[in-house]
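Quick notes on the structure that follows.
So that the names make sense, note that chain A is the first sequence line, chain B the second, and so on, each numbered from 1.
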There are 2 protein chains.
Amino acid sequence: MSQSSKPPQSAPVPTSADVARLAGVSRATVSYVLNNAEAVRISEPTRRKVRRAAEELGYVPHAAARSLRAGHTRIVLLPTSHVPIGPLYSAFLNELQWSLRRLDYTVVQYGSLGLSGDEAARAWAELRPVAVISLGEITLSAHNVATLKRAGARAVITMGPVGVPGAHALVLDQSEVGTRAATHLVERGHRRIGVVVPEEEGMELFSTPRLEGARSVAGAVIEPLPMAYTEESAAALAARWPSLGLDAVFAYNDEYAMLLMRALLDEGLRVPEDVAVIGADDLLIGRLLRPRLSTVQIELPTGDHLAELVDRAVREPGEITRRHDLISAVAIRREST
Amino acid sequence: MSQSSKPPQSAPVPTSADVARLAGVSRATVSYVLNNAEAVRISEPTRRKVRRAAEELGYVPHAAARSLRAGHTRIVLLPTSHVPIGPLYSAFLNELQWSLRRLDYTVVQYGSLGLSGDEAARAWAELRPVAVISLGEITLSAHNVATLKRAGARAVITMGPVGVPGAHALVLDQSEVGTRAATHLVERGHRRIGVVVPEEEGMELFSTPRLEGARSVAGAVIEPLPMAYTEESAAALAARWPSLGLDAVFAYNDEYAMLLMRALLDEGLRVPEDVAVIGADDLLIGRLLRPRLSTVQIELPTGDHLAELVDRAVREPGEITRRHDLISAVAIRREST
DNA sequence: TTGAAAGCGATACCAA
DNA sequence: TTGGTATCGCTTTCAA
């Protein structure tokens, strides 16, 4: 919301004053009618006049003016992710938005591509959101959280492997995913386990804890395997597979798993006899390949749940900095392990 | 941005007046310094004082106040889609956002799930965006476009099979995709062609023109096939396949194509001998199945291109209601046809 | 039941 | 070079 340049209004935007003039009443009355003010009684004829005038002019209130006057907004800011999001996460986001709107919040997704934590926090703070839900798209520092709080944010919710001081943390511990995957593989007799680490930027926030989670499993020897989401990269990795001496792989998620499994099969390796493959996120497409892909299924919190948490944080003055464990992960065996 | 409730500020948010007080100057001077006003010369010591004070208080300007004063915003409103978006579209959106930010616009994605066209247009108009880019998430009427324009939107860009009066139309003609797919199949000797129509809500905007495009191809007999994005639905469709008497299918996109092809193979049918399968969107996963999936590749406009179009529409008073054909589609043969 | 007017925060004109 | 001040659109207290 910067200004600088000078696009002049072609036709002036109708204001409440215009409505008042047309209806032959005062601006106060217009406000009362249009906001269904309970505290004050307006005669039915007047109400109708005002509504008709507003209709006729196509009047729409100015959100900025309103929130300036009110001293606060009902904006919940949701940073947009920069990477394609799967159906799972997408459904969660939809539910969250829907629930928040039901609670009378305005959900604004703010694209923060290419912004640092500092820049992003400032840009967000300018909008004076009442809450910010940062699901890992940007890494927020304690200082950033402070900036947002100082700008009136009553809840700053972060989701990630580690809580940020001052923020309401939802410890969605991705390491649990890695732990489940590695445990599953170890239980099935595998020891030397590769863990795919996406080379794409911006995925460290998920890939690092998943790797660490796998590392934490006793009895497993973990080998990180950088790989990009391209057929070439997968083929290259598959080509040097025999030299790696691994008997299983946790491939970050189902998409990378499918890519790698395809390349391994094309290389003449047998799955799961020569190498067991497990993904994560339980995508539908994982069931379409043969052998069917084993996976780690993640239970996201319901959007409703998170929305209510936000709402509570907004209205309660007392800080609820409790940590909520909202993830549960479970390995599902299909045919690739 | 509604208000109603009453969350009282715990600590008051610092304003430019606070900065002025701390720096021992007037608010005007603060504004000049912080906005690097060219028209006015401020001494270096004063500048430093002001900057230090702003820093110390953690001052962040209030976007609402600023745009109220300015009489316009630099907000570009981008309705959020309600369905999971593929990597293709996701990359396009990222590029668009990035390009718009480079042009100094604030990109706000607005979730409009469950809102009618009228409700959505009103809600958007309250934010007084300078431009709206509706890529088909919500069907806008001419009246809705008028509402937005009256609220100061200088560009309303719609993308869909048909232009909306008053809006800048980007005729991204999805029917071309259907045409290419059916043509490809006909050229390879198929006549009786099924066209998968997703049962999921909100996809009509794409699925209908794709179906119609296929229908327009001479020499093809088209059979619409409703199907949901589940294994069960695909299996049910595959089970009654022999009774349909079809020798090819255009499966809406690669994801539905993969699902259906898997089910057809499991049913004992041979692809492409018994039935040819073609998808659309050229997703990477389409190459992982065997046989490899033929597809229709779509060229989306670059985000940069669209961003510049928006920028031009915003600064030019004259309406550019030219229609821009921004799609090109081409069939790619792999192994499934 | 309705109206007049103050004030939210930032900017830019006009004076000093 | 800096400061005072009117203004943007809206809500709400206080009076009438």
Checking A:S67 side chain against A:H72 main chain: does a donor-acceptor pair fall under 3.5 Å? no
Under 4.0 Å from OP1 or OP2 of C:dT11: is there any side-chain N or O of B:N35 that close? yes
Report yes if some heavy atom in the side chain of A:H62 is under 4.5 Å from a heavy atom in the side chain of B:E126; otherwise report no. no
Heavy-atom closest pair, residues B:G152 and A:V13: N-CG2, 4.0 Å
Which whole-number value in Å describes the distance from B:R66 CZ to D:dG9 P? 18 Å
Testing the 3.5 Å rule here: is there a donor-acceptor pair between the side chains of A:T147 and A:W124? no
N/O donor-acceptor pair under 3.5 Å between A:T29 side chain and A:V25 backbone: no
Do A:L127 and A:Y110 make a side-chain contact, defined as non-hydrogen atoms from C-beta onward lying under 4.5 Å apart? yes
A:R74 side chain to A:V130 main-chain N or O, any donor-acceptor pair under 3.5 Å? no
Mind checking if B:T15 touches a base, just sugar-phosphate, or nothing, with heavy atoms under 4.0 Å? sugar-phosphate
Send over the distance from B:L68 CG to D:dA6 C1', rounded to a whole Å. 13 Å
Positions of residues 36-49 of chain A (non-hydrogen atom under 4.0 Å from DNA chain C), listed by number: A:V40, A:R41, A:I42, A:S43, A:T46
Does a side-chain N or O of B:S31 approach OP1 or OP2 of C:dA10 to a distance below 4.0 Å, or not? no
Five-pair end axes of the helix from C:dT1-D:dA16 to C:dA16-D:dT1 and the angle they enclose, rounded to 10°: 50°
Check whether any side-chain heavy atom of A:P61 lies under 4.5 Å from a side-chain heavy atom of B:R122, and answer yes or no. yes
Could you state the CZ-P distance from B:R69 to C:dA12, rounded to the nearest angstrom? 6 Å
Is a side-chain donor or acceptor of A:R27 paired with a backbone partner of A:D18 at a separation under 3.5 angstrom? no
To the nearest angstrom, how far is B:L34 atom CG from C:dA10 atom C1'? 11 Å
Verdict with reasoning, A:Y105 to A:V314, per side chain to side chain contact (heavy atoms under 4.5 Å, CB included): CA-CA 11 Å; A:Y105 292 100; A:V314 166; 3.6 Å; yes
For residues 44-58 of chain B, the side chain to side chain donor-acceptor pair (under 3.5 Å) pairs (sequence neighbours left out) are B:S43-B:T46
Extract from the structure each pairing of a protein N or O with an N or O of nucleotides 14-16 of chain D at less than 3.5 Å, listing the distance.
none

Can you check whether A:I133 reaches A:L100 side chain to side chain, under 4.5 Å on heavy atoms? yes
Could you check which residues of residues 53-62 of chain B get a heavy atom under 4.0 Å from DNA chain C? Sort them by number, please. B:Y59, B:P61, B:H62
Rounded to the nearest Å, what distance is computed from the NE2 atom of residue B:H72 to the P atom of nucleotide C:dA10? 17 Å
Could you identify which residues of residues 18-29 of chain A place a heavy atom less than 4.0 Å from some atom of DNA chain D, listed by residue number, or say none? A:R27, A:A28
